Asks: 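First the structure, then my questions, so here it is.
These numbers were taken from a predicted model, which means no experiment stands behind them.
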Amino acid sequence: MEIIDLNSCQIDSEGNAVALGNFDGVHIGHQELIKSNIKEARKRKLKSTVLVFRNHTKEILKKNSDTKVQLLTNFDQKIDILKGFGLDTLYLADFNESIMKLTPEEFVDNILIKKLNTKLITVGFNYRFGYKASGDVELLKRIGLERGIMVNIMPPVYVEQEIVSSTAIRNSIKTGNIKKANRFLGRNFTIIGSVVEGKNRGRKLGFPTANIKLIDNYVIPKEGVYVTNTIIDGIKLISLTNIGYNPTFNENELKIETYILDFNGNLYGKTLEIQFIDFIRDDIKFNTTEELIQQIERDVKYIKTYY
């Protein structure tokens, strides 16, 4: 797969089939859209491509807001996932005010036609585009008809009678329903962070944990204890991850701490990927340290038994 910056690309004489969207999480709905775009491109002897913005569109739309976009995948994760589809080309662009202010017609003419020589567009059923999201799929079809571009609109993808969406996945993660989020994503929800110095309390309890500082503004799962996989230098290890405020010790800072089973190496400064598999229990305040140790022992036994 070739990766090309939109600002430096040369118009392709062969023509492109372009999949459009935020691809927030690249969930199973997005995956079906991209696969359909590739299939239609091959039928028409076009190059299969995806246009990806380096930043989330909502970052520009909410630039005056204190609320940052909570990510399901960061940019690098998104690119890695897209590489697995067998696309011909991935076009990268920055979503900025100049793009944001393009009318729907200007977006098609200035970006899709002049930059990408687009012959086919694939979008989801609820795709919006152009200034203030004024364009919808019906307008896109009309513009495409006028300019000789085929528009391929994908219907929603359902799981258990619910439409798969990034919003639904975020809500599932925030409520601890990791299994549902993973079904919608088509893979385990994964955060990436570096290991930083903590209070070494886990080591004193007999369960040394890696204190994780996230590298991006990920959606944070509900407070509690999770079965996870931790990937260190490409090696996947089963682990127990706690998200919470350490209520037994009356702390007030949200922490993400991971205990990797049967691992004794030094992790400080390393970058870890943590894949969430299942929610075990809520973050509980224990009366004594001994009660906490006993509960962690039960958690570890549970993981070893079922995972």
Side-chain angles (χ1 to χ4, degrees), residues 20-31 33 50 52-82 92-96 99-100 124 126-128 133 156-157 159 162-196 210-231 241-245 252-258 271-279 282-283:
L20 298 172
N22 260 323
F23 302 110
D24 186 7
V26 199
H27 56 60
I28 59 174
H30 298 143
Q31 293 167 31
L33 187 156
V50 174
V52 175
F53 292 113
R54 292 186 180 87
N55 51 331
H56 200 293
T57 57
K58 290 182 180 178
E59 288 181 4
I60 296 296
L61 299 174
K62 291 185 173 183
K63 69 175 184 176
N64 295 323
S65 170
D66 292 332
T67 305
K68 294 186 71 175
V69 177
Q70 293 182 308
L71 303 174
L72 294 174
T73 52
N74 69 11
F75 177 73
D76 289 335
Q77 287 173 298
K78 186 181 292 188
I79 298 305
D80 284 342
I81 295 166
L82 291 172
L92 304 181
D94 295 314
F95 187 78
N96 51 35
I99 290 180
M100 179 189 74
N126 57 353
Y127 178 70
R128 309 288 305 197
V157 171
V159 172
E162 183 176 354
I163 293 176
V164 173
S165 70
S166 300
T167 298
I169 295 168
R170 276 189 179 80
N171 291 339
S172 297
I173 293 169
K174 289 178 179 179
T175 57
N177 195 345
I178 290 296
K179 283 189 171 181
K180 177 181 175 181
N182 291 344
R183 285 197 299 273
F184 279 27
L185 283 168
R187 64 183 181 281
N188 293 328
F189 172 63
T190 302
I191 60 175
I192 301 175
S194 56
V195 181
V196 297
N211 198 33
I212 307 300
K213 181 181 179 181
L214 298 179
I215 65 170
D216 270 300
N217 191 49
Y218 289 100
V219 180
I220 304 297
K222 171 188 172 181
E223 294 165 37
V225 179
Y226 295 83
V227 181
T228 55
N229 286 323
T230 297
I231 300 175
T241 298
N242 182 80
I243 296 177
Y245 294 89
N252 56 14
E253 179 186 356
L254 184 69
K255 291 183 178 179
I256 301 174
E257 297 175 285
T258 295
T271 298
L272 308 183
E273 294 182 41
I274 299 174
Q275 301 178 342
F276 287 79
I277 301 171
D278 198 6
F279 177 83
D282 290 319
D283 201 23

Asks: Taking the side chain as every heavy atom from C-beta outward, state whether Thr241 and Ile256 have any pair of such atoms under 4.5 Å apart.
Replies: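 SC-SC contact between Thr241 and Ile256 confirmed.
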
Asks: Does the side chain to side chain contact (heavy atoms under 4.5 Å, CB included) test come out yes or no for Ile243 and Leu254, once each step is laid out?
Replies: CA-CA 7 Å; Ile243 296 177; Leu254 184 69; 4.0 Å; yes

Asks: Within the structure provided, determine whether Val195 and Ile212 are in side-chain contact (heavy-atom separation under 4.5 Å).
Replies: yes

Asks: Give me the atom names and distance for the closest heavy-atom approach of Thr230 to Ile274.
Replies: OG1-CG1, 4.1 Å

Asks: Asn188 versus Asn182: any side-chain heavy-atom pair under 4.5 Å?
Replies: yes

Asks: Could you measure the distance from the CG atom of Asp216 to the OG1 atom of Thr73? Nearest 0.5 Å is fine.
Replies: 9.5 Å

Asks: Return the CZ to NE2 distance between Phe189 and His27, rounded to the nearest 0.5 Å.
Replies: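 The distance works out to 14.0 Å.
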
Asks: Are Val219 and Ile169 close enough that some pair of their side-chain heavy atoms sits under 4.5 Å apart?
Replies: no

Asks: Tell me, with the steps shown, if Ile99 and Phe53 meet side chain to side chain contact (heavy atoms under 4.5 Å, CB included).
Replies: CA-CA 11 Å; Ile99 290 180; Phe53 292 113; 4.1 Å; yes

Asks: So Gln77 and Val26, side chain to side chain contact (heavy atoms under 4.5 Å, CB included) or not? Walk me through it.
Replies: CA-CA 10 Å; Gln77 287 173 298; Val26 199; over 6 Å; no

Asks: What distance separates Ile220 CD1 from Ile191 CD1, expressed to the nearest 0.5 Å?
Replies: 6.0 Å

Asks: What's the spacing between Asn22 CG and Ser166 OG if we round to 0.5 Å?
Replies: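 Here the rounded value is 8.0 Å.
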
Asks: Counting N and O atoms only, with roles assigned by atom type, does the side chain of Ser172 sit under 3.5 Å from a partner on the main chain of Lys180, one being a donor and the other an acceptor?
Replies: no

Asks: Are the side chains of Gln70 and Ile173 in contact, using a 4.5 Å heavy-atom criterion?
Replies: no

Asks: Walk me through it: do Tyr218 and Ile192 pass the test side chain to side chain contact (heavy atoms under 4.5 Å, CB included)?
Replies: CA-CA 9 Å; Tyr218 289 100; Ile192 301 175; 3.7 Å; yes

Asks: Indicate the atoms forming the closest heavy-atom contact of Gly176 with Tyr226, along with that distance.
Replies: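 Here Gly176 and Tyr226 meet closest at CA-OH, 3.7 Å.
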
Asks: Looking at Phe23 versus His30, is the centre-to-centre ring distance below 6.0 Å?
Replies: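 Close enough - the centres of the two rings lie under 6.0 Å apart.
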
Asks: Looking at OG1 of Thr271 and CD1 of Ile231, how far apart are the two atoms once the value is rounded to the nearest 0.5 Å?
Replies: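 Thr271 atom OG1 to Ile231 atom CD1 measures 12.5 Å (nearest 0.5 Å).
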
Asks: At what distance, to the nearest 0.5 angstrom, does CD of Glu257 lie from CG of Asn211?
Replies: 5.0 Å

Asks: If you compare all heavy atoms of Val50 against all heavy atoms of Val52, which two are closest, and at what distance to 0.1 Å?
Replies: CG1-CG2, 3.5 Å

Asks: Heavy atoms only: give me the nearest Val196-Lys213 pair and the separation to one decimal.
Replies: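 Smallest heavy-atom distance, with atoms named: CG1-CB, 3.8 Å.
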
Asks: What pair of heavy atoms forms the shortest contact from Ile215 to Ser194, and how long is it?
Replies: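 Smallest interatomic distance, heavy atoms only, reads CG2-N, 4.3 Å.
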
Asks: Kindly indicate, with the supporting measurements, whether the criterion salt bridge (charged side-chain N to carboxylate O under 4.0 Å, His left out) is fulfilled by Asp283 and Lys222.
Replies: CA-CA 9 Å; Asp283 201 23; Lys222 171 188 172 181; over 6 Å; no

Asks: I'd like to know if the side chain of Arg183 and the backbone of Val159 have a donor-acceptor N/O pair within less than 3.5 Å.
Replies: no

Asks: Is a side-chain donor or acceptor of Asn55 paired with a backbone partner of Asp94 at a separation under 3.5 angstrom?
Replies: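 Flag not set: sc Asn55 to bb Asp94 has no pair under 3.5 Å.
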
Asks: Return the minimal non-hydrogen interatomic distance between Leu272 and Ala210, and the atom names on each side.
Replies: CD1-CB, 4.2 Å

